[in-house]
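The block underneath contains the structure these notes are about, expressed in structure tokens.
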There are 2 protein chains.
Amino acid sequence: MYDDIVLFIHIVQHRGLAAAAQQLGIPAATMTRKLQKLERSLGCQLVHRSARQFVLTPEGEAHYLAYANLVEQLELTQRSLRADMHEMSGKLKVLAPTGISIGLLQPMWSRFIKTYPDIQLEISLNNVIEDMALSKADLALRVGPQQNSALYQKHLGTLQTVLVATSGYLKNKGEPESLDALKGHHLIATKAVSIWNLVNSKTGQQYEYRPRVSTLSNDVSLITQLACDGIGIALLPMSEVKSHIESGQLKRVLPEWRGPDRDLFAVWPTGRLLNAKARCLRDFIHDYLREHL
Amino acid sequence: MYDDIVLFIHIVQHRGLAAAAQQLGIPAATMTRKLQKLERSLGCQLVHRSARQFVLTPEGEAHYLAYANLVEQLELTQRSLRADMHEMSGKLKVLAPTGISIGLLQPMWSRFIKTYPDIQLEISLNNVIEDMALSKADLALRVGPQQNSALYQKHLGTLQTVLVATSGYLKNKGEPESLDALKGHHLIATKAVSIWNLVNSKTGQQYEYRPRVSTLSNDVSLITQLACDGIGIALLPMSEVKSHIESGQLKRVLPEWRGPDRDLFAVWPTGRLLNAKARCLRDFIHDYLREHL
DNA sequence: AATTACGATTTCATATTTGGAATTTAATGT
DNA sequence: ACATTAAATTCCAAATATGAAATCGTAATT
């Protein structure tokens with residue numbers, strides 16, 4: 001029914017069945033029949049047609065005026081949805097926390113950009129949570145699950161946190177041998193976490209430690225810098241400090257204890273995504289993290 | 001394609017294939033297949049469905065949001081056009097010239113109203129031409145063809161005009177025996193016609209007579225009144241004065257000469273009508289005039 | 001006046017879609 | 001854990017729709 005009306009609109013716009021048929025890649029025979037069927041179902045003729053002339057009846061005119069805009073909009077949304085679903089080029093805006101983006105994920109961004117050169121990636125790094133709708137972002141990376149029910153989310157990976165400090169600091173202040181021994185130390189942490197759910201990797205023992213944090217920041221890389229400068233003991237994602245540990249610049253403190261897991265999520269507004277590019281990035285990050293965590 | 005989307009929208013709105021199928025009078029089997037076909041052609045699943053639950057996928061959500069309004073509008077226009085095409089009840093506004101409407105056409109109106117009691121007829125009588133679009137009229141009656149190309153028109157009938165006066169006037173001022181003899185008389189006419197294209201019914205001879213009109217009005221029935229009061233000789237539609245002639249109140253002057261024909265048209269805006277009621281009235285008047293002229 | 005050209009339509013064999021019945025599925029209640 | 005049940009799906013014969021080619025119809029050309 002409505003499909004036939006769409007055909008009719010095209011017939012009018014191309015002034016003839018043959019032209020419309022060609023443009024739409026539909027055989028002319030089908031055109032005739034569909035138009036006939038439409039006219040039958042409407043109970044009126046829409047167009048006076050003969051070999052060499054094409055004239056709308058008053059009814060045809062009225063139907064054209066009534067439907068033309070709607071059909072155009074219909075085709076517009078169709079194209080737009082189609083592009084969102086399949087197009088792997090064009091703009092893609094993503095919000096992400098600064099810390100992991102320039103640390104753990106930095107090589108991922110490079111690789112993604114190289115893999116999909118037609119996608120114009122805009123990475124908006126920020127430590128405070130930006131409104132997705134307001135910033136018109138397609139995707140956002142967030143640490144920890146989101147409460148906002150207007151957002152879909154997918155778990156991308158889990159960052160393990162560990163306690164680290166410089167050997168210099170530890171030599172100076174003494175290396176703690178138990179959780180209680182942390183009390184006397186200068187602790188550095190992110191604002192987000194006020195209780196450290198520590199887990200003993202060997203025994204599986206859990207412990208809720210309420211740290212008296214001496215220095216706070218919402219920026220992971222700043223905390224890393226502070227730790228490297230020997231300011232104190234920092235709770236940081238393993239991914240962030242792995243290289244520092246390997247180079248000997250930092251040293252794990254209480255190595256049998258891990259800090260609380262920090263889950264990384266991709267989130268996006270409900271009623272959107274579908275966006276092939278965002279879906280692609282989301283899965284790309286997911287795959288990347290499975291390989292590199 | 002778009003028909004399947006319409007089905008999908010209904011499926012969402014009824015939260016299930018079965019409910020939508022019932023409401024639309026379509027077998028459930030068809031529903032499933034159409035939805036499957038749509039999902040195949042879009043390349044993504046739209047709804048997670050099992051016996052007892054119905055959940056939209058993110059893609060389904062997005063498609064629903066994108067199309068729901070359009071589909072609603074589509075169905076609205078469909079209903080509206082359908083009503084215009086077939087509904088024989090509701091309001092019908094028509095513009096008409098005062099003169100013939102209360103004269104020649106008066107019995108027609110009565111008969112139409114009786115024949116179609118469900119049509120709420122609004123007759124807007126006026127001697128000056130009203131804008132159809134502005135007054136939201138469905139149909140207008142006009143004397144003489146219209147130049148306005150934004151209007152469709154259909155010829156309804158032809159009014160013949162004749163010269164008449166009271167016997168009293170003619171006795172008093174003398175009965176003219178030739179066209180030239182009209183010169184000395186008090187002529188009454190409508191504003192519209194400044195040249196009288198007179199035709200001799202017997203010889204077929206034509207004559208362009210430029211009358212020196214003594215009294216003008218745009219209202220035919222007023223002119224008739226004046227003629228009946230013995231003011232002078234009036235050029236009036238035969239239909240208007242027929243009864244007066246038969247009753248002897250008026251008498252034809254130069255009975256072998258007829259005045260210019262005045263064609264009656266129904267006009268309506270292009271891109272409309274379709275309106276079954278207006279079409280009906282138009283044809284009703286046409287039939288009436290064929291019988292009564 | 002006959003021919004041409006072009007677009008709409010019809011023909012006919014093939015392919016797809018339809019509707020009702022039977023079947024499967026998975027969340028409910030016992 | 002098992003039966004129940006409402007909904008979705010699949011099966012199959014009948015109805016419809018489809019595409020390529022032939023035909024038809026009418027303006028424009030010769």
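Per chain, numbering begins at 1; letters A, B, ... match sequence-line order.
Rounded to a whole Å, the CD1 atom of A:I26 is 9 Å from the P atom of D:dT18. Between B:F54 atom CZ and C:dA26 atom P the separation is 17 Å, expressed in whole Å. One atom, CD of B:Q45, and another, C1' of D:dA8, lie 13 Å apart when rounded to the nearest Å. Atom-to-atom, CZ of B:R40 to C1' of C:dT17 comes out at 12 Å; the value is rounded to the nearest Å. A:I11 has its CD1 atom 14 Å from the P atom of C:dG7, to the nearest Å.
Using modelled atom types, one finds no donor on one side chain facing an acceptor on the other under 3.5 Å when comparing B:D261 with B:T158.
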What side-chain donor-acceptor pairs closer than 3.5 Å can you find for residues 10-27 of chain B, not counting sequence neighbours?
residue : atom : partner : partner atom : Å
B:H10   : NE2  : B:E75   : OE2          : 2.7
B:Q13   : NE2  : B:Y64   : OH           : 3.3
B:H14   : ND1  : B:H10   : O            : 2.9

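Annotation: proximity of residues 15-24 of chain B to DNA chain D (heavy atom, distance under 4.0 Å) is found for B:G16, B:L17, B:A18, numbered in ascending order. Remark: B:P27, B:A29, B:T30, B:R33, B:K34 in residues 27-36 of chain B come within less than 4.0 Å of DNA chain C through at least one heavy atom. Of all the residues in residues 1-8 of chain B, not one reaches under 4.0 Å from DNA chain D with any non-hydrogen atom.
A distance below 6.0 Å separates the ring centres of B:Y116 and B:F112.
Here A:R49 reaches the OP1 or OP2 of C:dT9: one of its side-chain N or O atoms lies under 4.0 Å away.
Applying the salt bridge (Lys or Arg N to Asp or Glu O under 4.0 Å) test to residues at least two apart or on different chains, the pairs with a partner in residues 26-42 of chain A are A:D4-A:K37, A:E39-A:R49.
Residues B:P97 and B:V143 come closest through the heavy atom pair CG-CG2, 4.4 Å.
Salt bridge absent: B:K277 and B:D84 never bring a charged side-chain N and a carboxylate O closer than 4.0 Å. Ionic pairing of B:K91 and B:D138 is not present here: no N-O contact between side-chain nitrogen and carboxylate oxygen is shorter than 4.0 angstrom.
Contact check for A:P237 versus A:Q160: no side-chain heavy atoms found under the 4.5 Å cut-off. In this structure, the side chains of A:M132 and A:L95 come closer than 4.5 Å at one or more pairs of heavy atoms. Side-chain contact between B:M85 and A:E59: present, with at least one pair of heavy atoms (C-beta onward) separated by less than 4.5 Å. Within the 4.5 Å cutoff, no side-chain heavy atoms of B:F54 are placed close to those of B:H48. B:L42 places a side-chain heavy atom less than 4.5 Å from the side chain of B:H63.
The rotation axes computed at either terminus of the helix from C:dA1-D:dT30 to C:dT30-D:dA1 lie 30° apart, taking five pairs at each end and rounding to 10 degrees.
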Original post:
So A:L151 and A:W268, side-chain contact (heavy atoms from CB on, under 4.5 Å) or not? Walk me through it.
Top reply: CA-CA 5 Å; A:L151 297 175; A:W268 64 94; 6.0 Å; no
